[in-house]
Amino acid sequence: MNALRPRSGALSSPGRGSGSWWCWWWWWGVVVVGVAVGSGDPWLSAEACPATCSCSSTRISCVDPEVGINAFPVLQNKAEMENITDIYIANQSSFSSINDKDLHEYRNLRNLTVTNSRLTYVSKLAFQNNIKLQYLNLKDNNLSSLSWRIFKHINISYLILSGNPLHCSCENMWIKLWLGEEADTQELRCIEDGGARKLLSRLTLPNCEVPMATLSPSKVTVMEGENVQLSCMTSGVPSPQLIWNMTIVTSYEMETSGQFSVLRLSNLSSQDHNTKISCTAENIVGEKESSLVLDILFPPKITKLSDAIPDHNWCIPFSVAGNPEPQLQWFLDDEAVTEGRYIMTMIHDVTEREYHGCLQLDNPTHLNNGRYTLLAQNIYGSDQKEVEAHFMRKPWEGSDKDPYYYDVTTDTPPVDPPEDRVAVYVVVGIAAVAFTGFLLMLVILKFGGNSKFGIKGCVCFRTSQWRWSHANRDGHTRD
């Protein structure tokens with residue numbers, strides 16, 4: 001067998017093929033480094049990770065009961081903490097609370113486990129900066145209660161609370177309502193006043209109800225400048241707190257008495273069109289919201305009309321507000337613009353009260369120069385603005401450097417722009433050079449084998465020569 005002879009293989013002898021050995025080891029180093037970098041989860045340096053935990057670029061794990069922790073680990077800088085998506089803490093007898101700022105820098109945290117520890121308190125603001133949190137495992141701790149307000153602003157998917165001495169109190173009723181059948185799956189139990197343990201799914205308490213809120217009227221459609229009065233009625237046990245939520249320009253005043261409140265809006269502003277107003281009832285069991293969106297009618301207002309800008313096509317940008325949606329009409333030097341394939345109004349974005357778009361012109365010429373007027377109108381009024389647009393000089397006003405354009409209304413053939421003729425010359429020149437190079441290559445390949453400079457022909461030529469010589473030899477042999 002000749003397959004493993006030194007002169008034939010990839011691994012030649014050290015004396016003759018030391019370069020191959022060096023190359024082999026170099027590629028091995030590249031592979032090792034590539035695997036380390038491309039693994040997606042390289043380990044942090046010992047200085048970056050607390051001595052009591054183990055860390056990777058995305059995960060922190062603290063499970064050693066001998067050298068415990070009493071708070072969440074803090075890495076060397078914010079960037080490293082923002083990369084963490086998973087924190088696992090277990091068997092920590094001194095870990096008792098999750099406070100307001102403990103997880104503030106872990107902005108991308110998705111999975112959090114604190115299990116078999118002494119956790120007794122979770123702040124209502126504990127996860128205020130962890131909006132990506134989806135999985136929370138607090139199994140086998142010392143939690144006696146947990147507020148629903150902790151999770152008010154996050155969309156958590158998995159919550160595990162089994163193994164905690166939860167009280168059978170109204171404060172924990174939300175857990176039963178939120179988990180539903182999952183409470184039985186976790187065999188979640190609570191402790192009654194006498195010490196007996198009861199399945200949380202069977203917990204019923206008097207005077208413990210989810211609050212309700214009713215906002216009236218349920219829909220508001222009024223003209224700009226008018227006044228509106230809204231009322232909200234709440235109910236629930238314990239008595240809920242009534243909260244109005246809104247961000248508006250219009251001036252207002254509130255009057256609340258017990259579970260009833262009135263909101264008066266004066267001189268409605270069009271800037272509040274499509275603004276949400278909500279009334280929320282909150283107690284320890286949970287919250288309910290009732291809301292409406294203001295529908296304010298007002299005449300059109302052109303808030304922006306800018307100079308034409310070249311993009312993929314020419315564009316005259318504009319922004320128009322109005323409710324109902326304004327109808328738009330363009331005029332060029334006081335003559336109505338007929339829109340079609342080459343000139344059209346495009347709406348690119350619609351916000352709460354404005355329409356943003358442009359008059360799009362495809363390859364405009366000097367015939368499109370002039371004063372453009374935008375007219376916006378609906379049943380409540382109209383508005384208009386003007387802008388000058390200059391796309392091209394007239395042919396008889398331009399210099400020698402100006403391009404020439406064919407007027408489609410004439411019978412004469414189009415005249416190619418000078419730039420097109422230059423481009424043709426360049427392409428022809430490149431083709432000629434390439435063809436000359438190809439001929440030189442053929443000459444080198446054919447006669448290079450006998451060159452006095454030692455240039456040898458390519459493998460294809462030598463193979464053909466070998467076949468020709470063997471064919472002649474076979475012919476002589478037959479003769």
Side-chain angles (χ1 to χ4, degrees), residues 85-90 98 103 109-117 119-128 130-215 233-243 245 259 278-291:
T85 60
D86 191 345
I87 297 179
Y88 186 91
I89 295 175
I98 304 178
L103 295 168
L109 185 65
R110 296 180 183 274
N111 307 307
L112 174 62
T113 297
V114 179
T115 183
N116 196 28
S117 298
L119 184 64
T120 59
Y121 170 75
V122 180
S123 168
K124 295 176 183 178
L125 301 177
F127 308 123
Q128 61 179 333
N130 312 112
I131 59 175
K132 296 182 180 180
L133 185 64
Q134 296 178 349
Y135 175 89
L136 181 62
N137 183 354
L138 302 179
K139 181 180 179 181
D140 297 329
N141 285 293
N142 287 340
L143 291 171
S144 60
S145 64
L146 201 64
S147 173
W148 64 266
R149 291 182 175 88
I150 297 172
F151 311 101
K152 185 175 181 178
H153 65 288
I154 58 177
N155 187 23
I156 197 164
S157 301
Y158 299 96
L159 176 62
I160 302 175
L161 295 172
S162 57
N164 283 282
L166 295 172
H167 291 165
C168 295
S169 64
C170 191
E171 188 176 5
N172 291 326
M173 180 62 77
W174 76 270
I175 301 175
K176 168 192 171 181
L177 301 175
W178 191 83
L179 289 178
E181 296 180 356
E182 179 65 22
D184 284 335
T185 303
Q186 295 185 30
E187 297 184 354
L188 202 57
R189 298 177 182 272
C190 62
I191 301 175
E192 297 181 308
D193 291 339
R197 300 180 69 87
K198 182 178 183 178
L199 285 173
L200 188 65
S201 60
R202 299 180 181 178
L203 177 64
T204 57
L205 294 173
N207 303 320
C208 186
E209 300 174 358
V210 177
M212 297 297 295
T214 304
L215 181 63
M233 175 71 75
T234 62
S235 62
V237 180
S239 295
Q241 179 184 8
L242 191 155
I243 304 170
N245 295 304
Q259 302 304 305
S278 66
C279 171
T280 304
E282 289 187 6
N283 64 12
I284 60 174
V285 186
E287 69 172 354
K288 286 293 183 179
E289 178 188 274
S290 181
S291 64

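FYI, the numbering just counts along the sequence from 1.
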Participant: Please give me the minimum heavy-atom distance between Pro238 and Val285, naming the atom from each residue.
Facilitator: CD-CG2, 4.4 Å
Participant: Under the rule for side chain to side chain donor-acceptor pair (under 3.5 Å), what residues qualify as partners of Glu209, not counting sequence neighbours?
Facilitator: none
Participant: To the nearest 0.5 Å, how far apart are CD1 in Ile98 and CG in Leu138?
Facilitator: 6.0 Å
Participant: Can you find a heavy atom in the side chain of Leu159 that is under 4.5 Å from one in the side chain of Trp178?
Facilitator: yes
Participant: With sequence neighbours excluded, tell me which residues meet side-chain contact (heavy atoms from CB on, under 4.5 Å) with Ser123.
Facilitator: Asp100, Tyr121, Leu125, Ala126
Participant: Residues two or more places apart in sequence or in another chain: which of them pass salt bridge (Lys or Arg N to Asp or Glu O under 4.0 Å) with Asp86?
Facilitator: Arg59
Participant: Nearest heavy-atom pair of Lys288 and Val210: which atoms, and what distance?
Facilitator: CE-CG1, 3.9 Å
Participant: Return a table of donor-acceptor pairs under 3.5 angstrom between the side chains of residues 195-207 and protein atoms on other chains or two or more places apart.
Facilitator:
unit_1 : atom_1 : unit_2 : atom_2 : d
Ser201 : OG     : Asp184 : OD1    : 2.5
Ser201 : OG     : Asp184 : OD2    : 3.4

Participant: Can you name the residues that form a side chain to side chain donor-acceptor pair (under 3.5 Å) with Asn116, not counting sequence neighbours?
Facilitator: Asn91
Participant: The criterion is salt bridge (Lys or Arg N to Asp or Glu O under 4.0 Å); which residues satisfy it with Glu182, sequence neighbours excluded?
Facilitator: none
Participant: Ignoring hydrogens and angles, tell me if any N or O in the side chain of Trp148 forms a donor-acceptor pair with the backbone of Asn283 under 3.5 Å.
Facilitator: yes
Participant: Roughly how far, to the nearest 0.5 Å, is CD of Glu192 from OG of Ser169?
Facilitator: 11.5 Å
Participant: Looking at every heavy atom in both Asn172 and Ser144, which two are closest together, and how far apart are they?
Facilitator: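 In this case the closest contact between Asn172 and Ser144 is ND2-O, 3.0 Å.
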Participant: Has the side chain of Asn130 got a donor or acceptor atom that lies under 3.5 Å from a matching backbone atom of Leu109?
Facilitator: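 Not at all, since once roles are kept as given, no pair shorter than 3.5 Å links the two residues.
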Participant: Who are the side chain to side chain donor-acceptor pair (under 3.5 Å) partners of Lys124, not counting sequence neighbours?
Facilitator: none
Participant: Partners of Phe151 by ring pair (Phe, Tyr, Trp, His ring centres under 6.0 Å), sequence neighbours excluded?
Facilitator: Trp174
Participant: How close do Ala281 and Pro211 get, counting heavy atoms only, and between which atoms?
Facilitator: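 Heavy-atom minimum between the residues: O-CG, 3.4 Å.
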Participant: Considering only residues two or more places apart or on different chains, which pairs with a residue in residues 150-167 satisfy side chain to side chain donor-acceptor pair (under 3.5 Å)?
Facilitator: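 Matches after skipping sequence neighbours: Lys152-Glu282.
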Participant: More than 12 non-hydrogen atoms from neighbouring residues, nucleotides or ligands closer than 6.0 Å to CG on Leu177, yes or no?
Facilitator: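 Yes - once you tally the heavy atoms of other residues, nucleotides and ligands closer than 6.0 Å, there are more than 12.
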Participant: Kindly give the heavy-atom pair with the smallest separation between Asn111 and Leu133, and that separation in Å.
Facilitator: N-CD1, 4.1 Å
Participant: Using the side chain to side chain donor-acceptor pair (under 3.5 Å) criterion, which residues pair with Glu289? Sequence neighbours excluded.
Facilitator: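 Applying side chain to side chain donor-acceptor pair (under 3.5 Å) to Glu289 gives Lys276.
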Participant: How close do Ile175 and Leu166 get, counting heavy atoms only, and between which atoms?
Facilitator: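 Of all heavy-atom pairs spanning Ile175 and Leu166, the closest is CD1-CD1, 4.3 Å.
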Participant: Output the distance between atom CG (Leu136) and atom CZ (Arg110), rounded to the nearest 0.5 Å.
Facilitator: 15.0 Å
Participant: Can you confirm whether Ser235 sits close enough to Gln259 that some side-chain heavy atom of one is under 4.5 Å from a side-chain heavy atom of the other?
Facilitator: no
Participant: Can any side-chain N or O of Ser117 pair as donor or acceptor with the backbone N or O of Leu119 at less than 3.5 Å?
Facilitator: no
Participant: Please assess Phe127 against Ile156 for the test side chain to side chain contact (heavy atoms under 4.5 Å, CB included), listing each intermediate value before the final yes or no.
Facilitator: CA-CA 11 Å; Phe127 308 123; Ile156 197 164; over 6 Å; no
Participant: Check side-chain contact (heavy atoms from CB on, under 4.5 Å) between Thr115 and all other residues, then give those that pass, not counting sequence neighbours.
Facilitator: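 For Thr115 the side-chain contact (heavy atoms from CB on, under 4.5 Å) partners, ignoring immediate neighbours, are Tyr88, Ala90, Thr113, Lys139, Asp140.
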Participant: Using the side-chain contact (heavy atoms from CB on, under 4.5 Å) criterion, which residues pair with Glu187? Sequence neighbours excluded.
Facilitator: none
